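Each chain gets a letter, A, B and so on, in the order the sequences are listed, and its residues count up from 1. Here the structure is a predicted model, which means the values were calculated and not measured.
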Amino acid sequence: GENVEQHPSTLSVQEGDSAVIKCTYSDSASNYFPWYKQELGKRPQLIIDIRSNVGEKKDQRIAVTLNKTAKHFSLHITETQPEDSAVYFCAASPLNRDDKIIFGKGTRLHILP
Amino acid sequence: DTGVSQDPRHKITKRGQNVTFRCDPISEHNRLYWYRQTLGQGPEFLTYFQNEAQLEKSRLLSDRFSAERPKGSFSTLEIQRTEQGDSAMYLCASSFGPSGLNTEAFFGQGTRLTVV
């Protein structure tokens, strides 16, 4: 089955700097890669997603890149702001009958003033 | 429709008791997922429904866990003979899309289970 590894587990960046979170997946059949943000005590919410037919996607300060050959994908946040502090989860979903979504263990992002 | 709702929000139970959680997905969402999340970890896949059919159950799920989705609408997750290790946040999520085309999964606020 699919296995998603996420690094780093904790990341601290100065406000205004960029943050990068990296994930790898094991199932080459995966074709959908969402990223979720979870603030303390709240539910995970989708911030951006990418499909396997696209190499990069951008939405304002957030971008995601996908390398299918290497089976890894990354989240880039530019010009970080205090409200970016949260736990971020990557996930992968294989193009199989079950379409389940498998999550990484998360990255706790701290934005330092 | 205000999103995925879960009930109860919190549940404290004694070890050995049975508990049942309910999830109401967003209307017309055909996919429904159950996840378990412990502190500092990502959502761990438990089981998944497409309409009323349970398509997969995680190997991590013991026989004490069972889930249903009658009529393809709400779902229930039952844990029998609870153990302290079952203490966690149980998250439900739903999405809509044909087989092979995944779309955004919307999460409920979860049910926090504490087994004492």
- Message: Tell me whether the count of non-hydrogen atoms from other residues, nucleotides or ligands lying under 6.0 Å of CD in A/Glu83 goes above 12.
- Response: yes

- Query: Is the NZ atom of A/Lys105 crowded by more than 12 outside heavy atoms at less than 6.0 Å?
  - Reply: no

- Consider only side-chain heavy atoms of I, L, V, M, F, W and Y, link residues closer than 4.5 Å, and tell whether A/Leu109 and A/Ile62 are in one cluster. yes

- Message: Test of understanding: clusters of I, L, V, M, F, W, Y form through side-chain heavy atoms closer than 4.5 Å, transitively. Do A/Val20 and A/Val64 belong to the same one?
- Response: no

- Task: May I ask you to list the residues in residues 107-116 of chain B that approach chain A closer than 4.5 angstrom, counting heavy atoms only, ordered by number?
- Result: B/Phe107, B/Gly108, B/Gln109

- Task: Find out if a path of hydrophobic residues (ILVMFWY) with successive side-chain heavy-atom gaps under 4.5 Å connects B/Leu91 to B/Leu55.
- Result: yes

- Common cluster, B/Phe96/B/Tyr35, ILVMFWY with side-chain heavy-atom separation under 4.5 Å: no

- Query: What closest approach, in Å, do B/Tyr33 and A/Ile101 show between heavy atoms, and which atom pair accounts for it?
  - Reply: OH-CD1, 3.8 Å

- Query: Can you tell me if CD on B/Glu52 sees more than 12 non-hydrogen neighbours from other groups inside 6.0 Å?
  - Reply: yes

- Message: Minimum heavy-atom separation for A/Phe103 and B/Pro43, please, with both atom names.
- Response: CB-O, 3.5 Å

- Atom pair NZ (A/Lys100) and OH (B/Tyr48), whose distance is rounded to the nearest 0.5 Å: 10.0 Å

- Find out if a path of hydrophobic residues (ILVMFWY) with successive side-chain heavy-atom gaps under 4.5 Å connects A/Leu75 to A/Val13. yes

- Assess whether atom CD of A/Glu79 is packed by more than 12 heavy atoms of other residues, nucleotides or ligands within 6.0 Å. no

- Query: Among residues 38-56 of chain A, which ones touch chain B with a heavy-atom distance under 4.5 Å?
  - Reply: A/Gln38, A/Arg43, A/Pro44, A/Leu46, A/Arg51

- Would the number of heavy atoms belonging to other residues, nucleotides or ligands and lying under 6.0 Å from CG of A/Leu112 be above 12? yes

- Looking only at heavy atoms, the pair that brings B/Thr103 and A/Tyr32 closest together is C-OH, 3.5 Å

- Task: May I ask you to test the B/Phe45-A/Glu2 pair for a side-chain heavy-atom distance under 4.5 Å?
- Result: no

- Item | Per-residue contact mode, B/Gln37 against chain A (heavy atom under 4.5 angstrom) | side chain

- Message: Would you say that more than 12 heavy atoms from the other residues, nucleotides or ligands in this model lie under 6.0 Å from the CZ of A/Arg61, or not?
- Response: yes

- Rounded to the nearest 0.5 Å, what's the gap from OH on A/Tyr36 to CD on B/Glu104? Could you check? 5.5 Å

